Amino acid sequence: SQTIHQWPATLVQPVGSPLSLECTVEGTSNPNLYWYRQAAGRGLQLLFYSVGIGQISSEVPQNLSASRPQDRQFILSSKKLLLSDSGFYLCAWSPELLPETQYFGPGTRLLVL
Amino acid sequence: AQSVTQLGSHVSVSEGALVLLRCNYSSSVPPYLFWYVQYPNQGLQLLLKYTSAATLVKGINGFEAEFKKSETSFHLTKPSAHMSDAAEYFCAVSDHFGNEKLTFGTGTRLTIIP
């Protein structure tokens, strides 16, 4: 069966510091991968998605970037965090042949101080 | 472009009562529709999905949803609420097969009153 991992689970970072969040999927090949942000009291905002290694689509211009160095690894980064980057970051994957059905990881809670 | 509207950001029901969470969609083509549940500090879990087969879809934890094209709705129901159903529920739409992006509603927080 497929599983999705995210780490760290929680993170407290000062403003201006760098960020690296990692997401990995097991038990599948060539998945579509997604990064979402969920701010307090709001819905889900799609940040990036990827249909293959090195292929990244950005949905919202911002302080963040994403990379997919391996088939089942998706990384969310920032060079300098802003207070507004605080939130709950969710990684998701969907099967190559059923891309409309997404499965979510446990999330990373980021607090920027 | 597709969109989803969830009516009621907060819904409270008594334990044992009917749960009804509303979702209306807008799509220019026959949609695929989804309900997800999120427990506090966790990721989203797929409850059920409609992909143009049976209009009444049964999901996990006793939930079901009915696709009504004439009403552009996909409301989520459960006959008898349990305390463990307290969570946030998200409706989502994909506008066609093979589309890798979902559009989510803003969510409905369900509270169960003992």
Side-chain angles (χ1 to χ4, degrees), chain A residues 1-11 21 23 25 30-52 55-60 68 74 87-111, chain B residues 1-10 21 23-25 27 29-53 57 59-60 65 67 74 87-109 111:
Chain A
S1 65
Q2 300 85 10
T3 55
I4 178 170
H5 304 280
Q6 287 186 245
W7 63 88
T10 59
L11 191 59
L21 303 181
C23 170
V25 181
N30 200 29
N32 297 315
L33 297 171
Y34 309 81
W35 278 112
Y36 289 87
R37 177 168 57 203
Q38 188 176 27
R42 297 186 181 179
L44 279 76
Q45 180 186 35
L46 178 62
L47 302 175
F48 302 94
Y49 71 97
S50 171
V51 299
Q55 301 178 60
I56 309 294
S57 296
S58 174
E59 291 294 296
V60 182
R68 184 170 178 174
F74 205 24
F88 193 47
Y89 288 83
L90 290 161
C91 182
W93 73 277
S94 65
E96 180 182 16
L97 298 180
L98 284 173
E100 67 283 344
T101 302
Q102 295 183 19
Y103 301 92
F104 285 78
T108 294
R109 176 79 57 194
L110 172 66
L111 179 60
Chain B
Q2 66 271 31
S3 66
V4 170
T5 302
Q6 291 186 241
L7 299 176
S9 58
H10 291 84
L21 303 182
C23 173
N24 289 89
Y25 69 91
S27 178
V29 297
Y32 284 16
L33 293 158
F34 306 80
W35 275 102
Y36 286 85
V37 60
Q38 184 180 32
Y39 299 101
N41 296 311
Q42 295 185 25
L44 277 68
Q45 181 181 8
L46 181 65
L47 268 180
L48 50 81
K49 64 179 180 180
Y50 166 78
T51 54
S52 73
V57 181
I60 62 172
F67 172 69
F74 190 57
E88 187 144 24
Y89 292 80
F90 291 92
C91 183
V93 63
S94 172
D95 65 359
H96 64 269
F97 174 78
N99 184 6
E100 63 274 1
K101 293 197 292 182
L102 292 177
T103 299
F104 283 86
T106 52
T108 298
R109 183 167 299 279
T111 300

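If you're wondering where the values come from, they're calculated on a predicted model, not measured in any experiment. Convention: sequence-line order gives letters A, B, ...; per-chain numbering from 1. These numbers come from the heavy atoms of this one structure, side chains and all, not from hydrogens, waters or symmetry mates.
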Roughly how far, to the nearest 0.5 Å, is the [atom2] atom of [Y] from the [atom1] atom of [X]?
X: Tyr36(B); Y: Phe104(A); atom1: OH; atom2: CZ; value: 5.5 Å
X: Phe104(B); Y: Gln38(A); atom1: CZ; atom2: CD; value: 9.5 Å
X: Tyr36(A); Y: Leu102(B); atom1: OH; atom2: CG; value: 5.0 Å
X: Leu44(A); Y: Thr103(B); atom1: CG; atom2: OG1; value: 11.5 Å

Residue list, salt bridge (Lys or Arg N to Asp or Glu O under 4.0 Å) with Arg109(A), at least two apart or on another chain
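Counting only residues at least two positions away or on another chain, Arg109(A) forms no salt bridge (Lys or Arg N to Asp or Glu O under 4.0 Å).
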Counting heavy atoms not belonging to Asn41(B), are there more than 12 under 6.0 Å from its CG?
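For Asn41(B), atom CG is not crowded (no more than 12 foreign heavy atoms under 6.0 Å).
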For residues 42-51 of chain B, which side-chain N or O atoms pair as donor and acceptor with protein atoms under 3.5 Å away, sequence neighbours left out?
unit_1, atom_1, unit_2, atom_2, d
Lys49(B), NZ, Thr101(A), OG1, 3.0

Under 4.5 Å from any heavy atom of chain A - which part of Gln6(B)
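For Gln6(B), no heavy atom lies under 4.5 Å from chain A.
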If every non-hydrogen atom of Lys101(B) is compared with every non-hydrogen atom of Leu46(A), which pair is closest and at what distance?
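Heavy atoms only, the tightest pair is CD-CD2, 3.8 Å.
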Nearest heavy atoms of Glu100(A) and Phe34(B), plus distance in Å
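Closest heavy-atom pair between Glu100(A) and Phe34(B): O-CZ, 3.1 Å.
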